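To start, the structure itself, in structure tokens.
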Amino acid sequence: MPIRFEKRQHVGRLRQLAAIGIALATSLLITAILVYAAGADVTAAFASLYQGAIGDKTALINTLIVTTPILLTSEAAVLAFRGNIWNIGLEGQLYAGAMFAYWIYASTNGIPAGFYPLIIILGGFIGGGILGFIPGILKSKFQVDVIISTVMLNYVIAYFLDFLLGSSWRVPGSFYYQTALIDEKADLPLLINNPPLHMGFLVALIMAGAVYIILKWSRFGYKIRAIGENPRASLFKGINAARTITIALILSGGVAGLAGAIELFGLRHRLRSDLSPGFGWTGMMIAMLAGRDPIIAIPAALFFGALENGSLKMQITTGVPTSLVDVLQALVVFLILGSQVIANYRLRRVAYEH
Amino acid sequence: MNINAFLQTAILINILASTLRISTPLLLASMGELVTERSGVWNMGCEGTVLMGAFTSFLVTNKTGSLIMGTLAAIVAGGLMGLIMVTLATTLKLDQTVIGMTLNLFASGLTVFWYTIAFKVGGAQSYPSIATAEVVKIPFLSKIPFIGEVFFSQKLLTYFAFLLVPAIWYLLYRTWLGLEIRSLGEYPRAVDMRGLHVNRLQYFSVLFGGMLVGLAGSFLTLGSSDLFIPNMSAGRGWLAIVIIIAGNWQPYRILLVTLIFAFLDALQLQIQGVGVQFPYQFLLALPYIFAILVMMSSRARSNAPGWLSTPYNRED
């Protein structure tokens with residue numbers, strides 16, 4: 001008798017969780033093989049990864065700091081992806097946010113220190129929003145595919161930043177393409193002093209809540225979901241798709257821009273072209289992993305943040321390069337998404353057809 | 001002939017020869033991606049596949065000293081990337097955009113990781129390098145003034161890339177297999193009803209396409225740079241996708257668009273080399289800005305496969 005895949009009528013929560021567990025275990029197994037291939041002690045590597053991620057208070061706080069930009073970019077991704085608006089220009093929008101906030105900071109010398117958090121947050125949001133607006137207009141007026149325009153703008157903004165860092169923004173006398181250190185009074189306020197945790201994580205959590213509320217309760221959120229779930233029906237309901245997509249891209253870009261501004265004023269204190277090692281891309285993976293759910297994105301971002309943070313210690317103690325974590329993250333996304341499909345099916349012996 | 005005219009001819013030859021060289025990876029990648037897309041799968045992992053091809057060919061050539069082995073490695077790696085894509089897209093019917101982008105990140109992480117452990121880089125030692133492929137001058141033809149220097153003094157893969165365009169056109173429009181692939185992307189139900197294997201055909205197309213995209217990556221290392229640099233694909237995979245849309249999914253139009261892109265890139269390289277007083281970053285950004293402009297003006301998508309990036313379900 002042949003064996004056949006058959007769709008289940010009902011998929012239990014337990015089965016879904018078990019599938020996630022198996023997917024995670026498989027990705028860890030593949031990662032372990034890679035560590036072994038790198039010639040390192042597998043248990044020592046995982047132990048140091050764990051220690052570096054959540055081993056003590058300092059490690060935990062650092063995990064929160066590392067999580068901040070990727071939680072923000074993942075919320076930015078969730079906001080757009082929910083409407084099947086593939087904004088993959090988060091990386092560029094992140095830089096645009098940091099650049100705009102820096103520009104305002106640099107051109108408003110001597111304002112009271114209390115204004116700076118506002119400048120950082122508004123500047124970051126507006127900067128990212130502007131870069132989100134461009135693909136929005138390109139889509140609504142010229143039918144340019146959002147994926148293409150956002151990817152291309154990533155490169156354009158990177159060269160623009162490089163130009164600014166090489167000319168007017170460059171710190172005088174420096175060999176490097178970088179700005180001067182940002183004045184201490186403009187640093188993002190701290191939530192905890194020792195070890196220091198800037199307020200960015202709190203902002204990221206608030207944004208997660210905001211994205212949840214927008215998507216679930218607002219008219220605009222309803223329109224985004226309608227476009228994502230059934231573009232044809234949304235047309236009949238009289239939803240102005242072009243307008244909704246443009247606004248979604250502005251908001252999504254704005255949230256990504258926040259990530260850049262917060263990273264700059266909270267952690268780096270100096271704008272360079274390596275501000276983001278790919279936070280935009282990591283955020284997208286988190287959003288997909290979380291099934292485009294703004295609340296599930298929080299633990300998913302914490303998981304990815306813990307891996308990123310722990311990988312530093314792993315590299316120092318065992319010599320396994322941090323890029324291992326990038327591979328692990330991609331594997332987790334593949335396997336978890338795949339496992340959710342497989343959990344929907346079952347193998348059954350069936351009689352011959354015909 | 002005075003010296004000025006001589007210099008101008010030399011510059012022109014240089015720009016045109018560079019145009020063909022720059023076209024090579026773009027043509028290979030867009031032809032591979034075209035076959036993939038024609039079968040109904042939109043492989044957004046194109047960028048990552050180019051990168052994997054660049055890295056694996058560099059790694060294998062560095063370790064074995066053989067360009068042929070390196071080229072084969074890129075083809076195999078591209079095929080494997082295609083295999084991941086098609087398994088998740090066709091068998092599991094996951095969202096193709098999501099898998100494609102994750103594939104890019106996977107490639108970006110894996111190449112850096114592998115590069116670090118294979119060469120133990122870091123610290124002050126010099127970067128590993130390879131001997132790149134030699135220029136192959138076609139006998140007699142390369143002796144023709146001007147034309148010979150532009151067209152017949154290129155690397156082997158460049159000739160292959162340009163011959164590939166009519167070959168892919170022939171495959172898609174003059175063979176049964178090509179007809180089946182195109183029908184599959186257009187309306188899979190028809191292919192299914194004819195009793196053909198939808199999945200098998202899609203697996204073939206995506207694997208074949210992935211191999212060509214991987215081969216495109218090999219040109220970045222074996223054909224141009226003797227070093228591997230993380231994320232050295234630098235958007236070429238994405239450009240291939242833009243080129244296909246701008247070329248309206250037709251091989252010869254894709255060739256034309258590729259040549260325009262490559263010419264622009266060759267031009268900016270030449271301007272940079274001459275040292276014109278102009279911020280070089282704007283020149284570097286030019287192809288990407290041009291890509292957006294191309295997309296703004298090419299709204300006709302009459303030849304886009306009807307079921308592009310939509311999984312086929314027999315039960316639906």
Side-chain angles (χ1 to χ4, degrees), chain A residues 5 7 34 37-40 81 84 86 88 134-135 138 141-145 147-149 151-164 166-167 278 281-282 284-285 287-289 292 315 319-331 333-334 337-342 345, chain B residues 42 44 47-48 84 87-88 91-95 97-118 120-122 230-231 234-235 238-239 241-242 245-246 279-299 301 315:
Chain A
F5 274 116
K7 200 158 190 165
L34 288 176
F81 288 6
N84 280 352
W86 299 107
I88 49 182
I134 300 172
L138 288 173
K141 295 274 182 273
F142 300 96
Q143 315 298 324
V144 177
D145 201 286
I147 294 180
I148 304 299
S149 58
V151 170
M152 295 299 132
L153 284 171
N154 280 343
Y155 292 100
V156 174
I157 196 84
Y159 286 123
F160 185 49
L161 174 63
D162 202 48
F163 163 69
L164 289 172
S167 52
W281 303 101
T282 311
M284 281 164 27
M285 282 209 282
M288 295 158 188
L289 185 64
R292 298 182 265 181
Q315 183 167 24
V320 178
T322 53
S323 45
L324 175 76
V325 163
D326 300 331
V327 182
L328 174 59
Q329 288 174 344
L331 284 174
V333 175
F334 279 142
L337 294 183
S339 74
Q340 292 309 296
V341 178
I342 294 170
Y345 287 84
Chain B
W42 197 343
M44 297 253 178
E47 176 78 12
I84 300 176
T87 308
L88 297 173
T91 307
L92 294 182
K93 302 192 193 327
L94 288 175
D95 188 295
T97 314
V98 172
I99 324 162
M101 285 191 288
T102 312
L103 213 49
N104 290 334
L105 297 162
F106 175 71
S108 169
L110 187 63
T111 50
V112 173
F113 174 76
W114 205 342
Y115 181 71
T116 323
I117 65 166
K120 305 276 181 234
V121 282
N231 292 322
W238 288 113
L239 271 183
I241 290 176
V242 172
I245 299 173
Y280 69 91
Q281 292 96 341
F282 289 103
L283 295 171
L284 286 169
L286 207 64
Y288 305 105
I289 296 172
F290 182 68
I292 295 175
L293 294 177
V294 164
M295 298 289 294
M296 283 169 73
S297 51
S298 65
R299 269 180 270 177
R301 291 187 168 201
E315 285 88 2

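Residue numbers start from 1 in every chain, and the chains themselves are labelled A, B, ... in the order their sequence lines are given, proteins ahead of strands. Every value quoted in this text rests on a predicted model; they were computed, and no experiment measured them.
- Under the rule for a side chain to side chain contact (heavy atoms under 4.5 Å, CB included), the partners of Ala246(B) that lie at least two apart in sequence or sit in another chain are Val257(B), Val294(B), Ser298(B).
- Contacts between Leu328(A) and chain B at a heavy-atom distance below 4.5 Å are absent for every atom of the residue.
- Using a distance-only test at 3.5 Å, with no hydrogens or angles considered, a donor-acceptor pair links the side chain of Asn104(B) to the main chain of Met44(B).
- Of all heavy-atom pairs between Tyr288(B) and Met152(A), the closest is CD2-SD, 3.7 Å.
- Heavy atoms closer than 4.5 Å to chain B are found in the side chain of Trp86(A), but not in its backbone.
- Shown here for Leu92(B) and Gly338(A), the closest heavy-atom pair between the two residues is CD1-CA, 3.9 Å.
- Ranked by heavy-atom pairs under 4.5 Å with chain B, the list Val333(A), Asp326(A), Asn84(A), Ile148(A) is led by Ile148(A).
- Only the side chain of Leu94(B) comes within contact range of chain A, judged by heavy atoms closer than 4.5 Å.
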Exercise for review: Please lay out, stage by stage, how Met101(B) and Met288(A) fare under the test side-chain contact (heavy atoms from CB on, under 4.5 Å).
Suggested key: CA-CA 10 Å; Met101(B) 285 191 288; Met288(A) 295 158 188; 3.7 Å; yes
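- Contacts between Thr102(B) and chain A at a heavy-atom distance below 4.5 Å involve backbone atoms as well as side-chain atoms.
- Heavy atoms closer than 4.5 Å to chain A are found in both the backbone and the side chain of Ile289(B).
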Validation: residues 155-163 of chain A side-chain donor-acceptor distances under 3.5 Å, sequence neighbours left out:
| residue | atom | partner | partner atom | Å |
| --- | --- | --- | --- | --- |
| Tyr155(A) | OH | Gly235(B) | N | 3.0 |
| Asp162(A) | OD2 | Tyr280(B) | OH | 3.4 |

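- Here the CG-CG distance, from Leu289(A) to Leu337(A), works out to 6.5 Å after rounding to the nearest 0.5 Å.
- If you measure heavy-atom distances from Val320(A) to chain B, the contacts under 4.5 Å come from the side chain alone.
- Closest approach of Ser108(B) to Asn231(B), counting heavy atoms only: OG-OD1, 3.1 Å.
- For the options Ile292(B), Leu284(B), Leu286(B), heavy-atom pairs under 4.5 Å to chain A are most numerous at Leu284(B).
- In terms of heavy-atom pairs under 4.5 angstrom with chain B, the leader among Asn154(A), Ile147(A), Leu331(A) is Ile147(A).
- With respect to chain A, the highest number of heavy-atom pairs below 4.5 Å among Ile241(B), Thr87(B), Asp95(B) belongs to Asp95(B).
- Heavy atoms closer than 4.5 Å to chain B are found in both the backbone and the side chain of Leu324(A).
- Residue Ile84(B) touches chain A through its side chain alone, counting heavy-atom pairs closer than 4.5 Å.
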